[in-house]
Number of protein chains: 2
Amino acid sequence: MRLADGPVRLQPMPPGADAMLIAKCPVRDVLDRIGDKWSVLILKNLEEGPRRFGVLKRMIGDISQRMLTQTLRDLQRDGLIQRTVYPTVPPSVDYRLTKLGQSLMDPLEYLVQWSDRNHQKVRKARQSFDRTPPGAPA
Amino acid sequence: MRLADGPVRLQPMPPGADAMLIAKCPVRDVLDRIGDKWSVLILKNLEEGPRRFGVLKRMIGDISQRMLTQTLRDLQRDGLIQRTVYPTVPPSVDYRLTKLGQSLMDPLEYLVQWSDRNHQKVRKARQSFDRTPPGAPA
DNA sequence: CAGCATCCTCGTGGATACTG
DNA sequence: CAGTATCCACGAGGATGCTG
């Protein structure tokens with residue numbers, strides 16, 4: 001796979017050039033987007049169809065107005081969702097997945113499935129680790 | 001990425017929205033892990049086999065010692081990688097994927113594939129968005 | 001209704017120095 | 001070699017008030 005634009009570095013690089021290594025990694029474009037706190041939640045909510053701003057806010061519940069606006073904007077910027085403004089009074093706006101956004105839901109679904117099947121194991125590993133820290137007495 | 005680790009209920013929600021709660025969404029466990037800056041890069045490097053600390057550091061190049069140590073410990077805590085200490089002098093430690101960790105690579109691979117195929121579209125959408133901001137003159 | 005503007009907290013992660 | 005320990009900059013994200 002391509003984590004970098006070229007082969008993974010075997011030797012240290014001058015600082016700054018290495019930052020580009022990650023910056024150019026395609027999967028980081030995705031992870032930086034869906035890795036944030038709200039993107040996946042919003043995407044999931046839009047999977048069933050167009051949703052208005054207020055509806056999204058109520059559905060998610062514990063998202064601030066600020067973060068909803070900002071995340072929606074970022075998703076739109078990346079071409080994953082489309083924003084439609086209806087010139088009514090008061091204004092109405094809805095959001096929906098673009099084709100690109102819909103296509104992202106497929107790989108995302110695999111991740112969700114893995115999570116559903118394995119989150120218990122992760123939680124158990126976590127508890128076990130916390131009970132018996134690395135520096136534990138023999 | 002600040003994800004809630006406990007129950008989060010600020011206001012009453014419509015029925016059905018409860019499933020969207022962050023605290024109850026297993027995929028958050030995964031995104032919280034792989035969504036950080038280094039986890040995927042490390043996991044990818046471990047895909048081919050056990051790697052020692054110093055090797056990982058050189059392979060990745062621009063990761064600080066602190067973040068490599070910390071991310072490795074978090075991955076270990078979640079049961080995704082195994083840490084093996086060889087009591088040599090000087091000490092030698094290697095890391096490898098657990099079965100759980102390996103199984104995560106599959107859904108991750110779909111994400112990587114999607115990224116490789118679509119990151120150009122994302123970048124273009126981004127550029128287009130930045131050239132023509134939402135509040136652009138009619 | 002669907003935002004924008006502002007202030008502020010706190011977690012992530014970088015830099016550096018030290019050690020068994 | 002494989003870490004710890006500290007300090008610190010930055011930005012994500014929460015709270016609140018205002019607006020077209």
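Throughout, a chain's letter reflects where its sequence line sits, starting with A, and its residues are numbered from 1. Just the heavy atoms: all of them, side chains too, but no hydrogens, waters or symmetry mates, feed the values below.
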Taking the side chain of [X] as heavy atoms from C-beta outward, which of [options] is closest to it?
X	options	result
A/R52	C/dA2, D/dG3, D/dC1	C/dA2
B/W38	C/dG3, D/dG20, C/dG14	C/dG14
B/S92	C/dG14, D/dA2, C/dG3	D/dA2
A/P90	D/dC1, C/dC1, D/dT4	C/dC1
A/P91	D/dA2, C/dG3, C/dC1	C/dC1

Report task. For B/Y95, report the nucleic acid contact type (base, sugar-phosphate, nothing); a contact means any heavy atom under 4.0 Å. Result ->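 Contact class for B/Y95: sugar-phosphate only.
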Query raised in the report: So what does A/Q65 touch, heavy atoms closer than 4.0 Å: a base, only the sugar-phosphate, or nothing?
Result: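 The residue A/Q65 makes base contact.
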**Report entry** Any pair counted as salt bridge (charged side-chain N to carboxylate O under 4.0 Å, His left out), so long as it reaches residues 88-99 of chain B, sequence neighbours left out
**Finding:**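 As it turns out, the salt bridge (charged side-chain N to carboxylate O under 4.0 Å, His left out) pairs with a partner in residues 88-99 of chain B, which skip direct neighbours, are B/D94-B/R96.
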Query - Residue-phosphate contact under 4.0 Å: A/K37 side-chain N/O, D/dG14 OP1/OP2 - result: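 Answer yes for this pair, as a side-chain N or O of A/K37 is under 4.0 Å from OP1 or OP2.
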Just the rounded figure in Å: distance from [atom2] of [N] to [atom1] of [X].
X	N	atom1	atom2	result
A/L72	C/dA2	CG	C1'	11 Å
B/M67	C/dA15	CE	C1'	13 Å
A/D62	D/dG14	CG	C1'	12 Å
B/L56	D/dG3	CG	C1'	14 Å
B/D32	C/dT12	CG	C1'	12 Å
B/L68	C/dG13	CG	P	13 Å
B/D36	C/dG14	CG	P	10 Å
A/Q70	D/dG13	CD	P	7 Å

Requested in this report: Please say whether more than 12 non-hydrogen atoms of neighbouring residues, nucleotides or ligands are located less than 6.0 Å from NZ in B/K57.
Outcome: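 Yes, the 6.0 Å shell around NZ holds more than 12 heavy atoms from other groups.
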**Report entry** B/R28/B/D32 salt bridge by N-O under 4.0 Å criterion
**Finding:**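 Looking at B/R28 together with B/D32, the answer is no, because their closest N to O distance does not fall below 4.0 Å.
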Query raised in the report: Members other than A/V89 in its cluster, when Ile, Leu, Val, Met, Phe, Trp, Tyr link by side-chain heavy atoms under 4.5 Å?
Result: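 Besides A/V89, the hydrophobic cluster comprises nothing; the residue is isolated.
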Mind checking whether [X] and [Y] have side chains closer than 4.5 Å, heavy atoms only?
X	Y	value
B/L111	A/I34	yes
A/L104	A/V30	yes
A/L68	A/F53	yes

Query - Upstream residue (5' side of DNA chain D) when B/T69 and A/S64 are each assigned their closest nucleotide - result: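 Checking each residue's closest nucleotide, the 5'-ward one belongs to B/T69.
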Write out a two-atom table: protein N or O, nucleotide N or O from nucleotides 6-11 of chain D, distance below 3.5 Å.
{"from": "D/dT6", "atom 1": "O4", "to": "B/R66", "atom 2": "NE", "distance (Å)": "3.4"}

